[in-house]
K.L.:
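One structure, as structure tokens, below. Some questions next.
Order of appearance sets the numbers: ligands from 1, and atoms from 1 within every ligand.
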Amino acid sequence: MKVLKFGGTSVAHPENIHKVKSIVAQADNDQIAVVVSAFGGVTDLLLNTSRLASSQDLSYKEGLKEIENRHLSSVKSLIPVQSQSAVLSQVKSELNTLETLLEGSYLIGEITPKLSDKIVSYGELLSSFIISEFFKAEGLDASFKDSRELIKTDSNFEKANVDFQLTNTNCQAYFSSNAKRITVLPGFVASSKSGDSTTLGRGGSDYTAAILAAAMEVELLEIWTDVSGMYTANPKLVKQAKCVANISYEEAMELSHFGAKVLYPPTIQPVLGKEIPIAIKNTFEPDSPGTLIAKNNNGNGKTVRGISHVGNISLLSLEGPGMVGIPGISKRFFETLSLKNISIVLITQASSEHSICVGISDHDVDLATEAVNETFEYEIASKKIKPVMVEKDLTIVALVGDNMKSHQGLSGKMFSTLGKNNVNIRAIAQGASERNISAVIKKDDVKKALNSLHEAFFEENIKQLNLFVMGVGNVGAKFLDQIRQQKKYLKEELKLNIRVIGISNSRTMAFDENGIALKDWESDLANGEPANREAFFQKVKSLNYRNSVFVDNTASAEVSNTYADYLKNSISVVTCNKIACSSDFDYYKNLKHLAKQYNAPFLFETNVGAGLPIIDTLKHLIASGDKVKKIQAVLSGSLNFVFNTFNDSVTFHDVVKQAQEQGYTEPDPTIDLSGVDVMRKILILARESGHQLNIQDIANESFLPKESLETNSNEEFFASLKKYEADFQQLYNEAAASDCKLKYVAQFENGKAKVGLQKIPKGHDFYNLEGSDNIVLFFTERYPNQPLIIKGAGAGADVTASGIFADIIRIGNF
Ligand code: ADP
Ligand code: ASP
Ligand code: MG
């Protein structure tokens, strides 16, 4: 004999029930028990409808109507017309009784657990009856049996306790004389000794199936559901979750106890003693292997087998000086909860005995608070114990595995993973069996916690980075392009899974929680919502993804003002925008401080020399104990271009115009030509070398006439360049006469920085600088005479984008 159980989704619609039929038809056992749940959603509907009725809200009739429609339309679609009327009249008669019960509750304005069980039992009673009739109509050798006649319980309505002796006898008697090969039975429902309908608790159809399986000592119990087995984490929340092929009873029980609702926790008990294996299978993918739960079935001695979570948890803490060393406080505390029938999901007690803390369902919290405060009334009045403290809206996440006990470092890894992702832990517990380690966290952090734990324990070190990119102009667009091209390589070779979740330009913004398809980002953005910096930030924050990175590809001061908000939420910031790092020293310092405090890197390699590894190198020098003595550098790609192109056969005006047209200057060319851009860069290098400098401290002898610097528009500026052409020519000629080239040089030495145009003689490291190249010479204690030199293209969208990319990879390796 074999027992198969089909859950709510598996029987939610007629087309699903056809799938169920083919699975049942393929079983070749001599006897088959098919346990079914209510049609998906019907139990909730019944409970809501009865709640409405009992609060005398007439809209309960709408719920009733929907329940009627679901069942009548299923009959019409499943049963052939010629045999429909008998089935319809039976279903209608059941629905009439249901209506009478609801009407009764409406009139009295009350619902008792007993009546609630009676009402809710119609979900399973109707589904099993309709399915058995459908099987018959399809030619299967099937019959219907009401589980209430077999499974006997006490009168603890809503979650009744089974009398196994009676139940086993009933089952054995029934199945030994039942002539039909297939028996369809309602899950979840049972009856008390006095004949009232009872239920086995939400999700209890699994339990029904296990009770039958154990009573009949069958060879296999199959639980057919909507996922392909028991996963390493809830597959609906963790995309990367994998099916666990083999698992022990204990592990499965622990996982389900901590929220893996794919199996109702009590289900294991009846089959465990008889060593009947349980297969979890997917009705919609019957060929996928699923999970086998059996004795000692822990594949290859793996440690962590799954991560699960239970939501709607509250922490109840009792503490006070009067608790120390006094026996019996815990006993009274737990007794109080037990008398109120409140089940405890987790317990922690500090060794100082100063506090006891339990995790219970949110649902029970008010009752529990009141009861505990009453029990300790005297101690509270005499200030020996404080009134119970309550924290709601929490969730327990748990790592589960039989072999965790023989491994060190698992809890360390668990808590450091959560800590790194800024998930605050409210309480910790480890089962004495060491089969689970649990942490209580805020409900809003669940998805992030599960995914980061899953990444840490199951994903062969693949790290997911979630990017939010603001600014998709020249640099931003190139950057997205580079990610698209490298995605596969990064995943395979560097174990980095980079996803772009949000993008924005100044007009619109778009998000895709599963990652924007990078070939389509332009159309996604065009169809996006209106851009808004604050809304963008709020979205990033509310998504609360692990390893989130905000990427600023703009040149906007307003955007740079939002970095602190991101960092404070443990969201890393990568930017090619120089404004933040060259603004007020305290602001820069604060951002660096926040990055440390919140464990979120703040990287800006592209602020100096585009993609050249200048800041990173400097950081490594400092970190390894070197000291910077002097920095000499040519840091402006635009000024280099200008002075490499300018000579006595072209005008200065035309060269600057050309630089602007080819995208080598900022939109406002005075920022480059005045030297402000270079000042910002040397300021950043000086700061990164450990000096507290502000932009005002940098000497700048401009080569531009004052009038050009004070122009108010690009047109005025270019006109002034024309006017002073003779001066520019003179600069050139003076340099040429002494065999020198003009370079715009930044220098930092003895705590002082300056920028300005210099005549560079032949043989100098700067002399042969081409095009828009940058060069930096670091003179340090370890490189005193021959400087450490970094040289290469220092401007352009491609190299800047690759510099940002490099920062992202640095975060990936962080
Ligand atoms: P049924 O109606 O078939 O009884 P349930 O909804 O009770 O199905 O249980 C199946 C669901 O359990 C899945 O859809 C999934 O969302 C959830 N679940 C939670 N944790 C896990 C896990 N670790 N593995 C598989 N499913 C899980
Ligand atoms: N129908 C019941 C519920 O939704 C029992 C079950 O499906 O397992 O809780
Ligand atoms: Mg279930």
Side-chain angles (χ1 to χ4, degrees), residues 4-13 16 19-20 23 35-48 67 116-117 119-128 147 158-160 185-190 198-211 222-245 247 251-267 278 280-285 288 290-291 293 304-311 395-401 446-447 450 453-454 457-458:
L4 291 84
K5 176 259 171 176
F6 292 89
T9 325
S10 305
V11 294
H13 306 287
N16 299 3
K19 296 200 166 77
V20 167
I23 292 165
V35 175
V36 297
S37 285
F39 294 160
V42 166
T43 305
D44 285 328
L45 200 54
L46 281 161
L47 287 170
N48 284 335
I67 294 166
S116 174
D117 267 6
I119 290 174
V120 83
S121 70
Y122 278 87
E124 265 73 6
L125 292 175
L126 286 166
S127 69
S128 54
S147 314
E158 294 178 337
K159 198 171 185 179
L185 305 100
F188 184 51
V189 298
T198 56
T199 60
L200 302 174
R202 288 307 305 269
S205 294
D206 297 343
Y207 194 29
T208 308
I211 294 165
E222 291 181 0
I223 305 277
W224 290 82
T225 180
D226 60 355
V227 282
S228 296
M230 214 160 197
Y231 278 65
T232 47
N234 185 345
K236 301 231 167 96
L237 293 176
V238 178
K239 285 243 147 41
Q240 319 289 340
K242 291 191 222 58
C243 175
V244 183
I247 193 164
E251 288 171 327
M253 191 142 56
E254 205 82 14
L255 272 175
S256 60
H257 177 69
F258 280 99
K261 91 167 183 160
V262 65
L263 196 68
Y264 181 51
T267 304
I278 307 176
I280 313 257
K281 302 273 292 173
N282 189 344
T283 306
F284 308 98
E285 283 175 33
S288 62
T291 295
I293 307 172
V304 181
R305 306 304 308 285
I307 302 163
S308 49
H309 73 284
V310 206
T395 290
I396 300 176
V397 288
L399 292 190
V400 172
V446 172
K447 203 166 169 195
L450 290 178
L453 290 173
H454 197 269
F457 286 98
F458 291 106

K.L.:
side-chain contact (heavy atoms from CB on, under 4.5 Å) for Ile278 and Lys5? Distances and angles first, verdict last.
P.N.:
CA-CA 11 Å; Ile278 307 176; Lys5 176 259 171 176; over 6 Å; no
K.L.:
As an exercise, identify every atom of ligand 2 less than 4.0 angstrom from a heavy atom of Ser37.
P.N.:
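That gives atoms 6 (C), 7 (O), 8 (O) of ligand 2.
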K.L.:
Donor-acceptor check, side chain of Thr208 to backbone of Phe188, threshold 3.5 angstrom: yes or no?
P.N.:
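Yes; at least one donor-acceptor contact below 3.5 Å.
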K.L.:
Using a plain distance cutoff, I'd like to know if Gly8 has any nitrogen or oxygen under 3.5 Å from a nitrogen or oxygen of ligand 1.
P.N.:
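Between Gly8 and ligand 1, an N or O pair is found under 3.5 Å apart.
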K.L.:
Evaluate salt bridge (Lys or Arg N to Asp or Glu O under 4.0 Å) for Lys261 paired with Asp206, printing each intermediate quantity in order.
P.N.:
CA-CA 10 Å; Lys261 91 167 183 160; Asp206 297 343; over 6 Å; no
K.L.:
Does the residue Gly203 have a heavy-atom contact with ligand 2, meaning some pair of atoms that are separated by less than 4.0 Å?
P.N.:
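Heavy atoms of Gly203 do come under 4.0 Å of ligand 2.
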K.L.:
Would you check whether Leu255 reaches within less than 4.0 Å of ligand 1, judged by its heavy atoms?
P.N.:
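Outside the 4.0 Å threshold, so no.
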K.L.:
What protein heavy atom lies closest to atom 13 (C) of ligand 1? Include the residue and the distance to one decimal.
P.N.:
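Among all protein heavy atoms, the one nearest atom 13 (C) of ligand 1 is Asp226 OD1, 3.6 Å.
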K.L.:
Answer yes or no: are there more than 12 heavy-atom neighbours, outside Lys242 itself, under 6.0 Å from its atom NZ?
P.N.:
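Count over threshold, so yes.
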K.L.:
In terms of residue, atom name and distance, what is the protein heavy atom nearest to atom 7 (O) of ligand 1?
P.N.:
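Checked against all protein heavy atoms, atom 7 (O) of ligand 1 sits closest to Lys261 O, 3.4 Å.
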K.L.:
Taking it one step at a time, do Val20 and Asn16 satisfy side-chain contact (heavy atoms from CB on, under 4.5 Å)?
P.N.:
CA-CA 6 Å; Val20 167; Asn16 299 3; 5.6 Å; no
K.L.:
Examine ligand 1 and decide if any of its atoms is less than 4.0 Å from a heavy atom belonging to Ser37.
P.N.:
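Flag not set, Ser37 not near ligand 1.
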K.L.:
Compute the minimum heavy-atom distance from Gly229 to ligand 1 and say whether it is under 4.0 Å.
P.N.:
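Gly229 counts as a contact of ligand 1 under the 4.0 Å cut-off.
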K.L.:
Could you find the nearest protein heavy atom to atom 22 (C) of ligand 1 and give me its residue, atom name and distance?
P.N.:
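Scanning the protein heavy atoms, the shortest distance from atom 22 (C) of ligand 1 goes to Tyr231 N, 3.7 Å.
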K.L.:
Can you check which of Ile223, Val262, Thr232 brings a heavy atom nearest to atom 26 (N) of ligand 1?
P.N.:
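It is Val262 that holds the nearest heavy atom.
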K.L.:
Going by the order shown, which atoms of ligand 1 are within less than 4.0 Å of some heavy atom of Met230?
P.N.:
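Heavy-atom distances to Met230 below 4.0 Å select 24 (N).
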K.L.:
Number the atoms of ligand 1 from 1 as they appear, then name those within less than 4.0 Å of a heavy atom of Lys5, with their elements.
P.N.:
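By the 4.0 Å cutoff, the relevant atoms are 4 (O).
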K.L.:
Just distances here: any N/O of Asp206 and N/O of ligand 1 closer than 3.5 Å?
P.N.:
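So ligand 1 has no N or O lying under 3.5 Å from an N or O of Asp206.
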K.L.:
Leu255 and Ile307: which non-hydrogen atoms are nearest, and at how many Å?
P.N.:
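That closest heavy-atom pairing would be CD2-N, 4.0 Å.
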K.L.:
Looking only at side-chain N and O atoms, does Asp117 offer a donor or acceptor that is under 3.5 Å from a partner on Thr199?
P.N.:
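Side chains of Thr199 and Asp117: pair found under 3.5 Å.
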K.L.:
Which of the atoms in ligand 1, numbered in the order shown and given with their element, are less than 4.0 Å from a heavy-atom of Val227?
P.N.:
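Checking each atom against Val227, I get 13 (C), 14 (O), 25 (C), 26 (N).
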K.L.:
I'd like to know whether Phe458 forms a side-chain contact (heavy atoms from CB on, under 4.5 Å) with Val304, so could you lay out the CA-CA distance, the side-chain angles of the two residues, the decisive distance to 0.1 Å, and finally the verdict.
P.N.:
CA-CA 8 Å; Phe458 291 106; Val304 181; 3.9 Å; yes
K.L.:
Just to be sure I'm reading this right: ignoring hydrogens, which of Val11, Val400, Thr225, Asn234 gets closest to atom 15 (C) of ligand 1? Compare them by their nearest heavy atoms.
P.N.:
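Going through Val11, Val400, Thr225, Asn234 one by one, Asn234 has the nearest heavy atom to atom 15 (C) of ligand 1.
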K.L.:
With a 4.0 Å cut-off on heavy atoms, is Gly187 touching ligand 2?
P.N.:
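In this structure, Gly187 fails to qualify as a contact of ligand 2 - no heavy atom is under 4.0 Å.
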K.L.:
Does the residue Ser308 have a heavy-atom contact with ligand 1, meaning some pair of atoms that are separated by less than 4.0 Å?
P.N.:
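Distance cut 4.0 Å: Ser308 fails for ligand 1.
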K.L.:
List the closest protein heavy-atom neighbour of atom 4 (O) of ligand 2: residue, atom name, distance to the nearest 0.1 Å.
P.N.:
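The protein heavy atom lying closest is Arg202 NH2, 2.9 Å.
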K.L.:
Any chance you could lay out the side-chain contact (heavy atoms from CB on, under 4.5 Å) test for Asp226 and Thr283, step after step, and finish with the verdict?
P.N.:
CA-CA 6 Å; Asp226 60 355; Thr283 306; over 6 Å; no
K.L.:
Fit a plane to each ring of Phe6 and Trp224, take the angle between them on a 0 to 90° scale, and name the class: parallel (under 30°), tilted (30 to 60°) or perpendicular (over 60°).
P.N.:
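If you compare the ring of Phe6 with that of Trp224, the planes turn out parallel.
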K.L.:
Ignoring hydrogens, what is the shortest heavy-atom contact between Ile223 and Val262? Give both atom names and the distance.
P.N.:
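The answer is CG2-O, 4.4 Å.
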K.L.:
List the closest protein heavy-atom neighbour of atom 14 (O) of ligand 1: residue, atom name, distance to the nearest 0.1 Å.
P.N.:
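Sorting protein heavy atoms by distance from atom 14 (O) of ligand 1 puts Lys236 NZ, 2.5 Å first.
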K.L.:
Counting only heavy atoms, which portion of Ala233 has something under 4.0 Å from ligand 1: side chain, backbone, both, or neither?
P.N.:
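The answer is the backbone of Ala233.
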K.L.:
Answer yes or no: is there a donor N or O on one side and an acceptor on the other, between the side chain of Tyr122 and the main chain of Leu46, under 3.5 Å?
P.N.:
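Not a single qualifying donor-acceptor pair exists.
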